[in-house]
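Report on the structure given below.
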Amino acid sequence: MTAQQPGAKVVPDALWSPALARGLIRDDVMRSMRYRDGFTDLLGADVPARPGLAQRFMHSPTVAALYERLWRPVMVAIMRLHGISIDAERQKASDALHLGGDQRVLDVACGPGNFTGFFSDQLSGDGFVIGLDNSTAMMERAVRDNSGARAVYMRADALSLPFSDGAFDVVCCFAALHLIREPISVLNEMIRVLSPGGRIAVMTTYGRESLLIRKGLELGAELCGVRVFDRATIPAFLSAAGLTDIDQQLRGISQFVMARRPGEAGDPWHTRSTSWRAEGRAIGF
């Protein structure tokens, strides 16, 4: 049994009984689960190896607070100037993922839970969404600002998701794939825990087609520890992993990519798809 952290306690059985009954959490991580301040903590005092500037910021309680009080309102104002409603954009994401009912949803690198909390309101019955992040500061902010009857928060490593293969009907990452030190490895983990017939979605950076703009973005991003993705990397990876119905939408310096794992529960999913399309509008926040 892992040593108990100060202020932590063993996860109450009632919190996880629906998830455990459906084979959600891997047996090998059960002993390390601790419940603290409204979220499950699997990392204790551990921190990611060699974090960059952006990663250190996301682990800061001050930054977590500023995100909600300053940065997010500024982004809201900018989006409104362009005729974009944040709630409408999150609803588009929900619709694209066909959220509803008893679905099991995983929101990877969820930050303060802005999408997690919204998605939880779309579910019913035994449906739930887990918001996962490795930042204690972001978990505390998520619990404070985006709690819900169907929203559960977990501090864990996205590079080694603590869930069984095929555990989720929907897996998404809308906040921080570009901030993770090994984003492709995280994508691989996201696919591993996606059930046959399930949908996966990612919103992240886009380096544009202009060489000058792309190099400028990459240089600035590299200094801050942020990854700038090109047009092809994510769709090509999803296709190579056997996912189908790949749809990429580009907007400004962001991209939204969605795909589906073939088959029904229990069916093989090795079908290959090499086609994907790009459109001019993406879900943005």
Minimum heavy-atom separation for Leu106 and Phe163, please, with both atom names.
CD1-CE1, 3.8 Å
Shortest non-hydrogen contact from Ser120 toward Val129:
CB-CG1, 3.5 Å
Can you measure from SG (Cys172) to CE (Met190) and round to the nearest 0.5 angstrom?
6.5 Å
Once you round to the nearest 0.5 Å, how far does CD of Gln122 lie from CG of Leu99?
6.5 Å
Extract all donor-acceptor atom pairs below 3.5 Å that involve side chains of residues 193-204 and protein atoms in other chains or at least two apart in sequence.
residue, atom, partner, partner atom, Å
Ser195, OG, Phe168, O, 3.1
Arg199, NE, His98, ND1, 3.3
Arg199, NH2, His98, ND1, 3.2
Thr204, OG1, His178, ND1, 3.1

Can you tell me if Glu189 uses its side chain to pair, donor with acceptor, with the backbone of Ser185 under 3.5 Å?
no
Salt bridge (Lys or Arg N to Asp or Glu O under 4.0 Å) for Arg34 and Asp41? Distances and angles first, verdict last.
CA-CA 5 Å; Arg34 294 293 181 270; Asp41 193 346; over 6 Å; no
In this structure, CG of Leu250 is separated from CD of Gln255 (nearest 0.5 Å) by 6.0 Å
Show me the pairs that pass side chain to side chain donor-acceptor pair (under 3.5 Å) and involve residues 156-168, at least two apart or across chains.
Asp165-Arg192
Those residues that, when tested against Arg144, pass salt bridge (Lys or Arg N to Asp or Glu O under 4.0 Å) (two or more places apart):
none
Under the rule for salt bridge (Lys or Arg N to Asp or Glu O under 4.0 Å), what residues qualify as partners of Asp27, not counting sequence neighbours?
none
According to salt bridge (Lys or Arg N to Asp or Glu O under 4.0 Å), who are the partners of Arg150, at least two apart in sequence or on a separate chain?
none
Who pairs with Val143 by side-chain contact (heavy atoms from CB on, under 4.5 Å), at least two apart in sequence or on another chain?
Phe39, Ser147, Tyr153
Arg231 side chain vs Gln248 backbone, donor-acceptor pair below 3.5 Å
no
Any donor and acceptor pair, going by atom type alone, linking the side chain of Asp133 with main-chain N or O of Gly111 inside 3.5 Å?
yes
